[in-house]
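Right, one structure below, let's go through it.
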Number of protein chains: 2
Amino acid sequence: MTTSSPGGRDRRPGERGDLLDPRCPTRRLLDRIGTKWTSMAVKVLAEEAPGELRFAELRRRIPGISQKMLSVTLRSLVRDGLVARRVEPVVPPAVHYRLTELGLSLEGPLRALRVWAETHMAEIDHSNRLADESSPDQRVDRMR
Amino acid sequence: MTTSSPGGRDRRPGERGDLLDPRCPTRRLLDRIGTKWTSMAVKVLAEEAPGELRFAELRRRIPGISQKMLSVTLRSLVRDGLVARRVEPVVPPAVHYRLTELGLSLEGPLRALRVWAETHMAEIDHSNRLADESSPDQRVDRMR
DNA sequence: CGGTATCCTCAATGATACTG
DNA sequence: CAGTATCATTGAGGATACCG
């Protein structure tokens, strides 16, 4: 998602002057969870609750995520107060992450979305397939 | 959101070969609703249900959306089978949009997310404010 | 171990102009 | 009215290398 403005304006929560909805909570939330790895990180942490997971463990449980993106994602979640970060001051640093209460409270809505997705993505795929077979010609001469 | 690959791979529902989860339904759904205007369009249409809305009406009810993005968003929703498009063959064309049953079924989960957002975004903002005041210095010398 | 620093690519979105 | 066609910008995310 894209909260900030590619070609428009958009402000921090406090600024005003926007012509369009400036701080619509829903859009802001979707900009966060719509970010490629956030919801997966929350899910993984939620399944582990109330335990904690270390950086490397999280990475193992989120197939395909890069070290950079896990770092970025976690930093964002911590900043938002959805995840708590605990550093154990041992030799090779051990950092633990866990959902805060706020983060945990997001799991319900997120799970509902997951259930919907698992239940209905096949229908969406079917609809797309129908569109693909019944229009490629029109598309060719009106698009491209 | 970004379904397709900025720097990686990603395939249509049918292709395989991905190292990471290829067709995780949840990610695919988030890639759709995470797109800047989709959830707002669904919401507006849901509030109108079971009525229909015309292109221009939709545009009026979604402040800030451009003609192009409304068009793109609606095309995508129709293709996914979440929205039905009805063209009245009159002189200046009149096109009506309404949620399908599938689209309507997504409203529940989406509303739950909206409620969560409206209920908790203030906490997130607060958490961000805390982060801003307690670290700007560290950030300055480790980021930037 | 847990990150951070760079560099690079590409899809999402905006702005603008044109059309059946 | 309801789009489509272009063009430009931006930021998410990947690859890679280095660090306390």
Side-chain angles (χ1 to χ4, degrees), chain A residues 1-10 18-20 27 30-38 40-41 52-60 62-76 78 85-97 138-144, chain B residues 1-10 18-20 27 30-38 40-41 52-60 62-76 78 85-97 138-144:
Chain A
M1 209 70 318
T2 303
T3 300
S4 24
S5 48
R9 70 292 64 200
D10 236 292
D18 293 49
L19 305 172
L20 27 145
R27 173 165 308 170
L30 284 170
D31 284 339
R32 287 152 203 267
I33 67 174
T35 226
K36 194 164 183 179
W37 306 104
T38 304
M40 181 162 286
E52 297 178 309
L53 285 174
R54 295 181 56 176
F55 191 89
E57 293 174 316
L58 271 165
R59 201 179 167 186
R60 262 193 299 283
I62 305 178
I65 195 171
S66 65
Q67 192 171 39
K68 172 191 167 183
M69 287 317 295
L70 178 55
S71 173
V72 168
T73 300
L74 288 172
R75 228 188 295 160
S76 166
V78 169
R85 182 177 185 267
R86 184 172 65 85
V87 182
E88 268 191 88
V90 292
V91 195
V95 186
H96 303 253
Y97 294 91
Q138 283 104 303
R139 320 202 83 135
V140 171
D141 63 73
R142 54 172 45 193
M143 300 287 281
R144 224 312 16 214
Chain B
M1 134 201 359
T2 302
T3 301
S4 23
S5 47
R9 72 291 67 202
D10 235 291
D18 292 48
L19 305 172
L20 27 145
R27 173 165 308 170
L30 285 170
D31 284 339
R32 287 154 203 267
I33 67 175
T35 225
K36 194 166 184 179
W37 305 104
T38 304
M40 182 162 286
E52 298 179 308
L53 285 174
R54 296 182 56 176
F55 192 90
E57 293 173 317
L58 271 164
R59 201 180 167 187
R60 262 192 299 283
I62 305 178
I65 195 170
S66 65
Q67 193 171 38
K68 173 189 167 184
M69 287 317 295
L70 178 55
S71 172
V72 168
T73 301
L74 288 172
R75 228 188 294 160
S76 166
V78 169
R85 182 177 185 268
R86 184 172 66 84
V87 183
E88 268 192 89
V90 292
V91 196
V95 185
H96 302 253
Y97 293 91
Q138 283 104 304
R139 319 201 84 134
V140 172
D141 63 73
R142 56 173 45 194
M143 300 288 281
R144 215 338 352 230

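As a basis for the values below, the full set of heavy atoms in this structure was taken, side chains included, without hydrogen atoms, waters or symmetry mates. Sequence lines set the chain letters: A, B, ... in the order given, protein chains first and strands last, and positions in each chain run from 1.
Partners of A:Arg86 under the side-chain contact (heavy atoms from CB on, under 4.5 Å) rule, at least two apart in sequence or in another chain, are A:Glu52, A:Glu88, A:His96. With sequence neighbours left out, the side-chain contact (heavy atoms from CB on, under 4.5 Å) criterion links A:Arg85 to A:Val78, A:Val87, A:Val95, A:Tyr97.
Between the NZ atom of B:Lys68 and the OG1 atom of B:Thr73 there is a distance of 10.5 Å, given to the nearest 0.5 Å. Taking CZ of B:Arg75 as the start and CG of B:Leu70 as the end, the distance is 11.0 Å to the nearest 0.5 Å. Separation of atoms CG (B:Asp31) and NZ (A:Lys36) is listed at 7.5 Å; rounding is to 0.5 Å. Here the OG1 atom belonging to B:Thr38 is positioned 8.0 Å from the CE atom belonging to B:Met69, to the nearest 0.5 angstrom.
Remark: P of D:dG13 and CZ of A:Arg75 are 13 Å apart, rounded to the nearest angstrom. Taking atom CG of B:Leu70 as the reference point, atom C1' of D:dC1 lies 12 Å away to the nearest angstrom. Across the protein-nucleic acid pair, B:His96 atom NE2 and D:dC1 atom P stand 13 Å apart, rounded to whole Å. Counting to the nearest Å, the P atom of C:dG2 and the CD atom of A:Glu52 are 12 Å from each other. Summarising the geometry, the separation between CZ on B:Phe55 and P on D:dA2 is reported as 8 Å, rounded to the nearest angstrom. Distance, A:Ile62 CD1 to D:dG13 C1': 15 Å, rounded to whole Å. Look at CZ on B:Arg32: it is 16 Å from P on C:dA11, rounded to the nearest Å. With rounding to whole Å, A:Ile65 atom CD1 is found 14 Å from C:dG2 atom P.
The B:Thr35 side chain lies nearest to C:dT13 when the options are C:dG2, D:dA2, C:dT13. Closest to the A:Gln67 side chain, of the nucleotides D:dA12, D:dG3, D:dA17, is D:dA17. Of the candidates D:dA2, C:dT4, D:dC7, the closest approach to any side-chain atom of A:Ser71 belongs to C:dT4.
Checking the phosphate oxygens (OP1, OP2) of D:dC1, no side-chain nitrogen or oxygen of B:Arg54 falls inside 4.0 Å. Residue A:Lys36 has a polar side-chain atom (N or O) positioned under 4.0 Å from OP1 or OP2 of D:dG14. Within the 4.0 Å cut-off from OP1 or OP2 of C:dG3, at least one side-chain nitrogen or oxygen of A:Tyr97 is found. In terms of phosphate contacts, B:Arg59 brings no side-chain nitrogen or oxygen within less than 4.0 Å of OP1 or OP2 of D:dA2.
Contact annotation: the side chain of B:Leu74 approaches that of B:Phe55 to within less than 4.5 Å [non-hydrogen atoms, C-beta and beyond].
Comparing A:Lys68 and A:Ala94 against DNA chain C, the residue whose closest nucleotide sits nearer the 5' end is A:Ala94.
DNA chain D lies under 4.0 Å from at least one heavy atom of each of the following residues of residues 85-93 of chain A: A:Pro93.
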